[in-house]
**Student:** 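I am attaching a structure below and will ask some questions about it afterwards.
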Amino acid sequence: HKIDETWTASANRWLQQLTSRDDGHNADSPHEASQYFSYYCDADIDHCSGLDSSISEFLDGWKKVSRSPWRQWDWGVLKAEYSHCSRSSEICQRPLKHYGAFREQFMQHLFCCSRRLQTFEDERCEGPLCRAYDMTCPGSKLLTSDMDCTVYHSHDPGTMIQNMSLLAQEKLLPYVDGAATDIGTLFDVSLYGTWTWVPDEIFQRFEWPESSKSLFEKVEGRQTDGKEGTAVWVFRRKCTPSARQAILDKVWRIIREGAEDIQTENLDKLVVALQTFVGNLANGSYGYGTYTSDWDHLYQDFRAVSSVQREGYLTYAATLEVVGRQQVGLPTTFAEDYHCMRQVSFLEQLAFIAQHIQTDVPDEMSEKNFSELSIKLLLKSGKYFDRLLEVGGPGYDEGFSKTQHRDPNAADNSVLWWVLQAVYGSTHLDAVLNGVCNQNTASSASVSTMAFDDAEVRRRS
């Protein structure tokens, strides 16, 4: 069909953003050496000077493709400008492509320079404390994607995060003309000190006591395109009742008291929280995980870190479920933590939705203007609604033995199924989902409740 070209270009850009939900293996090679930022660190290169030269090269390069000088240092604004651009795709994509390439190079120099400043006495980074530093940024590689990076260290990743953040501000301050200089605003980059998993290559560099290492289990890499993936380490115990209660309390707190919006981390608080959490692993304070109290202590410290991180999940269970399984396709085993993890992840999505309702629904919302005023809320929270419907499917390894396998058609694969059952009662659930429920209890009860497969539960929900 012949449609106005301006409208088509804008619609295509919106579709590209709206359909950019991370699902499956969205990084080409998530565990190759080049994915570790230590790979780019060279003792014979002055990476601190590289920060300055990367800025100069970026500005000079922009002059070659545009007559206008570079003025915009805010990733969010660049994304918005791209979404509303009505010119050709090549012209509209040019700023984000150019700035994105600069972001990648700048972050590599930033990590290597910061590591050098942290361990200046170990010039060639041959000692265990220097080698324990690393960073990975798995996730979507789309044009508009953010960068969620995990900073690893055996004792104190927090100081590294703080130094990287402050160094980036110092280097870019002369160029941003009074705008915010935190890397979250500049590049849409988040630096996390809590991890979803630890790649085996990094885990082996950590000089931790046996008690702390025994808290983890090794997950062999899944083969992709004929290549064997690198193994990673995850916590043996992935979910506890206290972790589930903590996120439930958070949902209620947001509903009753309003959203807690962390635009910029309090770096001092983050450093202290990470020194406690990772420091306890370094000195073996969490024990061997023999008792529930050991895990409660560990996850209490984990949540203390997450609560002061920008856009951080509150719970380990949700980070492993959403980031590990759904986004990267990590073949981890959940076993007895299966139900708890699914419940926690479900509640975590509710917390995000509740937060967006508090911040993105205007006070003047009414039934008449709902369609107009709800667009912002729906665009920002759509992926969380989608995750509410996540159900188990082929390849979802729950860690059960062959004799304990779960029926692939079992309705309990979806947390939402249990929610609907609690609302309507198991006798009436099938009738309700089929849209034939009526006020005649006897008639409704006569309808048999069948076990839908995963796809049907998701569709009907």
Side-chain angles (χ1 to χ4, degrees), residues 37 73-77 103 106-107 110-111 113-115 117-118 133-137 139 146-173 176 178-196 243 246-247 249-254 256-282 285 297-316 318-319 323 348 351-352 354-356 358-360 380:
F37 274 64
W73 298 85
D74 187 317
W75 188 268
V77 174
R103 176 179 71 172
F106 186 87
M107 291 303 298
L110 184 64
F111 170 81
C113 173
S114 299
R115 190 184 75 167
L117 296 174
Q118 287 281 108
Y133 281 113
D134 218 322
M135 185 170 80
T136 62
C137 305
D146 60 358
M147 287 181 69
D148 288 331
C149 303
T150 301
V151 177
Y152 296 97
H153 193 251
S154 56
H155 289 70
D156 183 16
T159 302
M160 181 72 160
I161 292 174
Q162 185 177 49
N163 288 345
M164 287 179 67
S165 301
L166 295 176
L167 184 59
Q169 292 180 25
E170 175 190 329
K171 294 295 183 180
L172 290 166
L173 184 61
V176 299
T181 55
D182 63 280
I183 57 176
T185 302
L186 292 168
F187 298 135
D188 203 2
V189 169
S190 296
L191 301 179
Y192 297 118
T194 47
W195 48 73
T196 311
I247 183 58
D249 292 341
K250 180 182 179 181
V251 173
W252 281 116
R253 189 167 63 250
I254 293 173
R256 291 168 176 159
E257 302 174 13
E260 179 181 340
D261 190 16
I262 304 177
Q263 292 294 340
T264 304
E265 294 99 335
N266 182 317
L267 292 175
D268 292 332
K269 288 184 177 180
L270 181 61
V271 169
V272 172
L274 278 169
Q275 285 174 341
T276 299
F277 172 60
V278 183
N280 282 339
L281 287 168
S285 295
H297 182 197
L298 184 152
Y299 283 124
Q300 182 180 355
D301 291 343
F302 185 99
R303 292 195 299 272
V305 176
S306 297
S307 65
V308 293
Q309 290 181 152
R310 188 172 77 99
E311 298 180 357
Y313 285 96
L314 183 70
T315 52
Y316 182 76
T319 56
V323 180
E348 194 80 77
F352 279 117
Q355 176 137 330
H356 280 295
Q358 292 279 14
T359 57
D360 297 324
K380 286 190 173 183

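Throughout, numbering of the chain's residues begins at 1 and tracks the sequence.
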**Student:** In Å and rounded to the nearest 0.5 Å, what is the NZ to OG distance from Lys250 to Ser307?
**Tutor:** 8.5 Å
**Student:** If you look at every heavy atom in Met147 and Cys137, which pair is closest and at what distance?
**Tutor:** CE-SG, 3.8 Å
**Student:** Please say which of Arg115, Met164, His153, Met160 ends up in a side-chain contact (heavy atoms from CB on, under 4.5 Å) with Met135.
**Tutor:** Met164
**Student:** Which residues satisfy the side chain to side chain donor-acceptor pair (under 3.5 Å) test with Gln162, sequence neighbours excluded?
**Tutor:** Asp268
**Student:** Grab the two heavy atoms, one from Gly76 and one from Asp74, that are nearest each other, plus how far apart they are.
**Tutor:** N-OD1, 2.9 Å
**Student:** Give the ring-plane orientation class for Phe37 versus Phe111, where under 30° counts as parallel, over 60° as perpendicular and anything between as tilted.
**Tutor:** perpendicular
**Student:** Which heavy atom of Leu274 sits nearest a heavy atom of Pro157, and at what distance?
**Tutor:** CD2-CG, 4.2 Å
**Student:** Please work out whether the ring planes of Tyr316 and Phe302 are parallel, tilted or perpendicular, with thresholds of 30° and 60°.
**Tutor:** perpendicular
**Student:** Within the 4.5 Å heavy-atom criterion, are Phe106 and Leu172 side-chain neighbours or not?
**Tutor:** yes
**Student:** How many angstroms lie between atom CD1 of Ile183 and atom CG of Asp188, to the nearest 0.5 angstrom?
**Tutor:** 10.5 Å
**Student:** Determine, step by step, whether Val305 and Leu270 satisfy the side chain to side chain contact (heavy atoms under 4.5 Å, CB included) criterion, reporting the C-alpha distance in whole Å, the side-chain angles of both residues, the deciding distance to 0.1 Å, and the verdict.
**Tutor:** CA-CA 6 Å; Val305 176; Leu270 181 61; 3.9 Å; yes
**Student:** Check side chain to side chain donor-acceptor pair (under 3.5 Å) between Asp360 and all other residues, then give those that pass, not counting sequence neighbours.
**Tutor:** His356
**Student:** Can you tell if the side chain of Leu186 reaches within under 4.5 Å of the side chain of Val176, non-hydrogen atoms only?
**Tutor:** yes
**Student:** Given 3.5 Å as the limit, does a donor-acceptor pair link the side chain of Gln358 with the main chain of Ile254, or not?
**Tutor:** yes
**Student:** I need the Phe277 CZ to Ser306 OG distance, nearest 0.5 Å.
**Tutor:** 8.5 Å
**Student:** Checking side-chain polar atoms at under 3.5 Å, does Thr159 have a donor or acceptor matched by the opposite partner on Gln118?
**Tutor:** no
**Student:** Minimum heavy-atom separation for Leu267 to Ser165, with atom names?
**Tutor:** CD1-CB, 3.8 Å
**Student:** Could you tell me whether a side-chain N or O of Ser114 sits under 3.5 Å from a main-chain N or O of Leu110, the two making a donor and an acceptor?
**Tutor:** yes
**Student:** Which residue, Thr276, Thr194, Asn280, forms the side chain to side chain donor-acceptor pair (under 3.5 Å) with Asp301?
**Tutor:** Asn280
**Student:** Closest heavy-atom contact between Ser154 and Val278?
**Tutor:** O-CG1, 3.4 Å
**Student:** Are Val189 and Asp146 side-chain neighbours, meaning at least one heavy-atom pair lies under 4.5 Å?
**Tutor:** no
**Student:** What I'd like to find out is whether the side chain of Thr136 reaches to under 4.5 Å of the side chain of Tyr152, using heavy atoms alone.
**Tutor:** yes
**Student:** Where do Thr315 and Ala243 come nearest, in terms of heavy atoms and distance?
**Tutor:** CG2-O, 3.9 Å
**Student:** Do the non-hydrogen side-chain atoms of Tyr192 and Val151 ever get within less than 4.5 Å of each other?
**Tutor:** no
**Student:** With distance as the sole criterion, is a donor-acceptor pair present between the side chains of Asp182 and Gln169 under 3.5 Å?
**Tutor:** no
